[in-house]
Amino acid sequence: MPRLTSVTSPTAEGEVRLALAGLRARAQELSRVAEATARVLAAPEGLSTAVPEFRDFAREAVPRWHFAMLNDHERNDALATALERVVPRGGTVLDIGAGTGLLAMMAVRAGAAHVYSCEANPLMVEVARQVVAAEGFADRVTVLACRSDELAVGRELPRRVDAVISEIVDCGLIGEGILPSIRHARRELLAADGVMLPQRARLLGALLQSENAVNLNRVNLASGFDVSRLNTFATPGHFPIRLHTWPHRTLSEPVELVSFDFATGPLGPGERGLAVPVRESGTVHALVAWFEMDLGGGVTLRNSPENVGSHWMQALIPLAKPVEAEAGSTVTLDLVWSETSLSLA
């Protein structure tokens with residue numbers, strides 16, 4: 001039988017060694033990419049997307065969720081319907097996060113005169129430009145290779161836009177930076193009477209009992225050995241989970257965790273105390289959270305656990321330590337959100 005060992009925390013020296021090892025791993029990866037790039041550039045006459053080095057890079061540069069997202073018909077139909085209802089006819093639109101150019105083309109189809117679509121990923125910029133051109137929208141969609149907070153009126157944009165559209169949301173709504181992006185665009189790029197899509201959103205959540213779920217992002221003992229050093233590299237804050245695929249019990253009814261008004265709200269980091277009534281007795285390991293996003297025009301998108309067809313998963317927000325809860329009692333928690341992460345204090 002393997003010996004049982006206690007789970008310990010890294011020492012200060014161990015933390016330094018882990019950090020140095022992480023930097024060495026990063027340096028190795030950068031060196032590998034640089035060497036592969038140099039090999040391709042040494043024979044530019046054979047350059048194509050079929051080059052093995054390019055395919056390796058592209059798998060890292062283009063997240064796999066793009067494919068699931070573009071095949072999410074509920075999402076696509078909801079966005080198309082909302083754009084038809086809220087985009088100003090003949091107006092100028094800013095699309096934050098071009099991707100393949102889909103939302104920009106939808107906005108033109110909905111009546112926009114011109115759409116400026118910004119994208120930070122150079123590879124996706126070229127994909128969007130080629131898609132837009134092939135679909136016949138090149139004269140009405142301009143794809144800009146930058147972040148939205150790098151745009152300025154009078155430089156990339158001829159004037160303040162009549163509408164800002166964006167769908168840079170993750171399973172927990174804020175993980176892709178929608179709060180600072182919309183905050184900046186509203187202040188610097190949107191006309192005073194401009195339209196925002198989405199208009200508002202709220203996060204809902206429930207108390208969750210599921211060691212299987214929280215153990216997707218932590219480890220203590222494995223076969224009796226303490227391997228908790230790996231927890232240094234666990235995802236801080238919330239992380240995605242497809243709830244229905246893991247054994248679990250929800251111990252409360254859904255409650256509203258936080259709401260955001262994209263048109264007028266402050267959209268900054270914050271925290272909120274929660275008092276969640278317990279429906280069933282059990283061990284609370286986490287909050288499971290999902291969003292309801294009001295796109296405008298009476299259209300709502302949600303990634304609730306029941307919506308198993310959505311490409312978005314749910315967000316798991318672990319407690320630092322499990323809490324025993326009795327039915328009829330109340331669990332009090334402090335929800336904290338940064339620009340891009342949800343956590344429980």
Side-chain angles (χ1 to χ4, degrees), residues 58 60-63 65-67 69-70 75-76 78-80 82-83 86-88 90-170 173-199 201 260 262-263 267-268 293 295-296 301 339-340:
E60 301 167 3
V62 179
W65 51 255
H66 277 283
F67 298 99
M69 178 181 71
L70 289 166
R75 164 198 177 263
N76 297 344
L79 287 165
L83 287 165
V86 306
V87 166
T92 301
V93 175
L94 171 63
D95 170 32
I96 301 176
T100 58
L102 179 63
L103 264 67
M105 294 186 292
M106 284 180 174
V108 171
R109 190 170 61 189
H114 200 93
V115 179
Y116 294 88
S117 188
C118 60
E119 172 60 54
N121 183 330
L123 188 52
M124 291 306 300
V125 168
E126 186 57 32
V127 169
R129 286 173 176 168
Q130 293 193 21
V131 169
V132 165
E135 291 295 319
F137 287 87
D139 60 333
R140 289 167 290 175
V141 175
T142 300
V143 182
L144 301 166
C146 62
R147 291 162 49 98
S148 62
D149 57 10
E150 296 170 335
L151 296 173
V153 173
R155 192 174 62 203
E156 293 84 6
L157 302 178
R159 61 180 179 83
R160 285 181 174 262
V161 297
D162 302 301
V164 170
I165 63 176
S166 184
E167 190 257 90
I168 49 171
V169 299
D170 76 331
L173 184 70
I174 66 173
E176 292 186 15
I178 193 170
L179 298 184
S181 297
I182 294 298
R183 198 170 63 232
H184 171 268
R186 194 177 62 190
R187 183 181 68 244
E188 303 291 339
L189 309 174
L190 182 64
D193 58 348
V195 173
M196 188 73 66
L197 184 157
Q199 295 184 352
F260 299 100
F262 295 120
L267 304 184
M293 188 162 54
L295 301 178
L301 265 178
E339 300 279 36
T340 57

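Numbering starts at 1 and runs along the sequence shown.
Every residue two or more places apart in sequence or in another chain that forms a side chain to side chain contact (heavy atoms under 4.5 Å, CB included) with A191 is listed here: R160, D193. Contacts of E188 classified as side chain to side chain contact (heavy atoms under 4.5 Å, CB included), with partners at least two apart in sequence or in another chain: H184. Contacts of E339 classified as side-chain hydrogen bond (donor to acceptor under 3.5 Å, both in side chains), with partners at least two apart in sequence or in another chain: R183. For E156, the side chain to side chain contact (heavy atoms under 4.5 Å, CB included) partners two or more places apart in sequence, or in a different chain, are L144, L151, A152. Under the side-chain hydrogen bond (donor to acceptor under 3.5 Å, both in side chains) criterion, E167 pairs with R75, not counting sequence neighbours. For A145, the side chain to side chain contact (heavy atoms under 4.5 Å, CB included) partners at least two apart in sequence or on another chain are V125, R129. Take F137 and apply the ring pair (Phe, Tyr, Trp, His ring centres under 6.0 Å) test, not counting sequence neighbours, and it matches no residue. Here T92 pairs with R159 under the side-chain hydrogen bond (donor to acceptor under 3.5 Å, both in side chains) rule; sequence neighbours left out. By the side-chain hydrogen bond (donor to acceptor under 3.5 Å, both in side chains) test, E135 is found to be paired with no residue, residues two or more places apart in sequence or in another chain being considered.
You'll find the side chain of V164 stays beyond 4.5 Å of the side chain of R186, heavy atoms only. In this structure the side chain of F262 reaches within 4.5 angstrom of the side chain of I178, judged on heavy atoms. Side-chain contact between V195 and D162 is absent, with no heavy-atom pair separated by less than 4.5 Å. At least one side-chain heavy atom of F260 sits less than 4.5 Å from a side-chain heavy atom of I174. The shortest distance between side-chain heavy atoms of Q199 and L295 does not fall below 4.5 Å.
For the residue pair C118 and C146, the shortest heavy atom distance occurs at CB-O, 3.4 Å. Heavy atoms only, all atoms of each residue included: P63 and A61 are closest at CD-O, 3.4 Å. The nearest pair of heavy atoms linking E176 to V169 is OE2-O, 3.4 Å. Considering every non-hydrogen atom in both D170 and G175, the closest pair reads OD1-N, 2.8 Å. Of all heavy-atom pairs between G99 and E119, the closest is N-OE1, 2.9 Å.
Rounding to the nearest 0.5 Å places CG of L79 at 5.5 Å from CG of L301. Here the CG atom belonging to L267 is positioned 11.0 Å from the CZ atom belonging to R187, to the nearest 0.5 angstrom. Atom CG of L197 and atom CD1 of I96 lie 11.0 Å apart (nearest 0.5 Å). Note that CG of N76 and CG of L70 are 6.5 Å apart. Values are rounded to the nearest 0.5 Å. Summarising the geometry, atom CD1 belonging to I182 is positioned 10.0 Å from atom CD1 belonging to I165; distances are rounded to the nearest 0.5 Å. Distance check, rounded to the nearest 0.5 Å: OG of S181 to CD1 of I168 gives 3.5 Å.
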List the atom pairs, with distances to 0.1 Å, where a side-chain N or O of residues 101-117 and a protein N or O form a donor-acceptor pair under 3.5 Å, not counting sequence neighbours.
{"residue": "H114", "atom": "ND1", "partner": "R140", "partner atom": "O", "Å": "3.4"}
{"residue": "H114", "atom": "NE2", "partner": "T142", "partner atom": "OG1", "Å": "2.8"}
{"residue": "S117", "atom": "OG", "partner": "D95", "partner atom": "OD2", "Å": "2.7"}

